[in-house]
Amino acid sequence: MKRVLSLLLGVFTAIGGFMDIGDLVTDALVGARFGLALAWVTVVAVVGVALYSEMAGRIAVVTGRTVFDLIRERTGPRMGLATVTASYLVNALALIAELCGVALAIELLADIHYLLWVPPVALLAWLVVWRLPFAYMERLYGLLGLALFVFVAAVWRFGPDWGAMWHNATHPVVPHGEGHATYFFYAIVLLGAQMNPYEVFFFSSGAVEHRWRPQNLLEVRVNAWLGYTVGGILAIGIQAVAHLVLQPAGVQVEHLSQTVLPVVLAFGQVGFALAILGIVASVFGATLETLLSSSYTVAHHFGWTWGKETQPAKAARFHTLLLVTLLGAAVVALTTVNPITVTIYAVYLAAAVLPLTYLPILVIANDRRYLGGRVNGRLANVLGTIYLVAVTAGAVAALPLLIATKAGS
């Protein structure tokens, strides 16, 4: 039973990583505009994020040290500082989007303006991080987030032409009326939403919070590959149901309510309730992940005492940074900044900084001084190098595509 429950770290990370507000909005948006022509990006993202999460988790359990701790030691303070600064800023921007995302989902249920929900959501996030044990946190939100499978069920409910959908996914073409630049802009957006740097750092930090050791390597690997596969299935399910319902109607996804619409048409109020439950759980889980990852990365880099369950008196700087980051994100969210715009920019910047995240992990995962005989094998290195080249190319293309497409408009 303990082994089964330990698998929930991967599920929780995937629910809160793959299925955060960025992915929920982006999946519905690309499904409505491009059908399943970008489903290949999700497959690529699942393999990539699982591959690098496994590396980061293996580093953590073998060395007993976190990735950012080793990045500073292995690559030097300048490279380490650049990586931690970029990661913290992307995490903080994502946290703003996640807080707004939870509030928007509650607004759909309670019909009260979402800005009024931002302070209570921020307060609840702080209480959970402060008081709820790590294991209970991941089990609660990981399991509740599985309600998102109502989107997958909705695909079956509509009885689609499976052959046509498979052809759409495996023979991607740019739909009429969409340009190639816009297509690749949203490919990068989707990649950033699904390979967000905080997922890797949260996963490896979670392995340390669990006090896993080298004998737990099997749990690390199963968590990484199983968890992100679950997230990928959910993501493609949302793309597919948006393709079936929203694309024929010419709906351009600009609000979270449009993401939920296909499920409501399929299952009525029961579907709506399950969708809202899954969205609130998954996006609140992402709020916790981005918040914790923001402090994890900084604390690891500077060698502070850290840990969700470490008493604030013993890890004062870590917990102070948590509180300051959360308060800052809540204040920005309350300025009435457009949450969808923030979400798009957050995931786009995440894609842009992926090389800074993945290069040090790949280097450390091949260093026998740290891992001994548990360094990467040939396959992991080949795939890791391919992904590093791919995300670097995406990072280089990110700004020109952002300008050329006017942020995908």
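The shown structure was predicted, so the numbers you read here are calculated from the model rather than taken from an experiment.
- Of all heavy-atom pairs spanning Ala39 and Ala169, the tightest one is CB-CB, 4.3 Å.
- The two residues Ser204 and Ala60 have their closest heavy-atom pair at O-CB, 3.7 Å.
- Between the CD1 atom of Ile21 and the OG1 atom of Thr287 there is a distance of 9.0 Å, given to the nearest 0.5 Å.
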**Request:** Walk me through it: do Thr290 and Val90 pass the test side chain to side chain contact (heavy atoms under 4.5 Å, CB included)?
**Result:** CA-CA 9 Å; Thr290 51; Val90 169; over 6 Å; no
**Message:** Checking Tyr52 against Thr357 for the side chain to side chain contact (heavy atoms under 4.5 Å, CB included) test, could you report, in this order, the C-alpha distance in whole Å, the side-chain angles of both residues, the deciding distance, and whether it holds?
**Reply:** CA-CA 10 Å; Tyr52 274 90; Thr357 302; over 6 Å; no
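- Between Phe34 and Tyr183, the gap from one ring centroid to the other is short of 6.0 Å.
- Under a 3.5 Å cut-off, the side chain of Gln194 and the backbone N or O of Leu191 do not form any donor-acceptor pair.
- Taking the side chain as every heavy atom from C-beta outward, Val251 and Val245 never approach each other to under 4.5 Å.
- Below 30°, between 30° and 60°, or above 60°: for Trp162 and Trp156 the angle between ring planes is between 30° and 60°, a tilted geometry.
- For the side chain to side chain contact (heavy atoms under 4.5 Å, CB included) with Tyr358, the lone residue among Thr392, Val363, Leu388 that qualifies is Leu388.
- Remark: the backbone N or O of Val30 is not paired with any side-chain donor or acceptor of His243 at under 3.5 angstrom.
- Between Thr305 and Phe318, the closest side-chain pair of non-hydrogen atoms is not below 4.5 Å.
- For Trp166, the CH2 atom sits in a loose shell: 12 or fewer heavy atoms of surrounding residues, nucleotides or ligands are nearer than 6.0 Å.
- Here the CG atom belonging to Leu292 is positioned 6.0 Å from the CZ atom belonging to Phe202, to the nearest 0.5 angstrom.
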**Item:** Leu190 vs Gln239, side chain to side chain contact (heavy atoms under 4.5 Å, CB included): CA-CA, chis, key distance, verdict
**Value:** CA-CA 11 Å; Leu190 195 58; Gln239 293 170 36; 4.0 Å; yes
**Request:** Give the C-alpha distance, both sets of side-chain angles, the deciding distance and a yes or no for side chain to side chain contact (heavy atoms under 4.5 Å, CB included) between Leu108 and Leu104.
**Result:** CA-CA 7 Å; Leu108 294 178; Leu104 285 168; over 6 Å; no
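- Between the side chains of Thr26 and Tyr186, no donor N or O sits under 3.5 Å from an acceptor N or O.
- Here the OG1 atom belonging to Thr297 is positioned 11.0 Å from the CH2 atom belonging to Trp306, to the nearest 0.5 angstrom.
- Heavy-atom neighbours of Gln311 CD from other residues, nucleotides or ligands within 6.0 Å: at or below the threshold of 12.
- Between Leu99 and Val283, the closest side-chain pair of non-hydrogen atoms is not below 4.5 Å.
- Looking only at side-chain heavy atoms (C-beta outward), Arg157 and Val263 stay at 4.5 Å or farther from each other.
- Of all heavy-atom pairs spanning Ala28 and Thr259, the tightest one is CB-OG1, 3.5 Å.
- Using a 4.5 Å heavy-atom threshold, the side chains of Leu116 and Glu107 count as separate.
- The structure places CG of Asp23 at 6.5 Å from OG1 of Thr42, a figure rounded to the nearest 0.5 Å.
- Proximity of Val62 to Arg374: side-chain heavy atoms (C-beta onward) are separated by under 4.5 Å at one or more points.
- Between Asp27 and Phe151, every side-chain heavy-atom pair lies at or beyond the 4.5 Å cut-off.
- Across all non-hydrogen atoms, the minimal contact from Leu124 to Phe284 is CG-CZ, 3.7 Å.
- Residues Ser282 and Leu148 are in side-chain contact: their nearest non-hydrogen atoms beyond the backbone lie under 4.5 Å apart.
- With values rounded to the nearest 0.5 angstrom, Ser87 atom OG is found 12.0 Å from His300 atom NE2.
- Remark: the Thr325 side chain and the Tyr88 side chain contain an N/O donor-acceptor pair separated by less than 3.5 Å.
- In this structure, the separation between CE on Met55 and CD1 on Ile361 is 8.0 Å, given to the nearest 0.5 Å.
- Minimum interatomic distance between Val44 and Tyr387 (heavy atoms only, all atoms of both residues): O-OH, 2.7 Å.
- In this structure, Val220 and Arg58 approach most closely via the heavy-atom pair CG1-N, 4.0 Å.
- The backbone N or O of Glu178 lies less than 3.5 Å from no partner atom in the side chain of Thr182, so there is not a single donor-acceptor pair.
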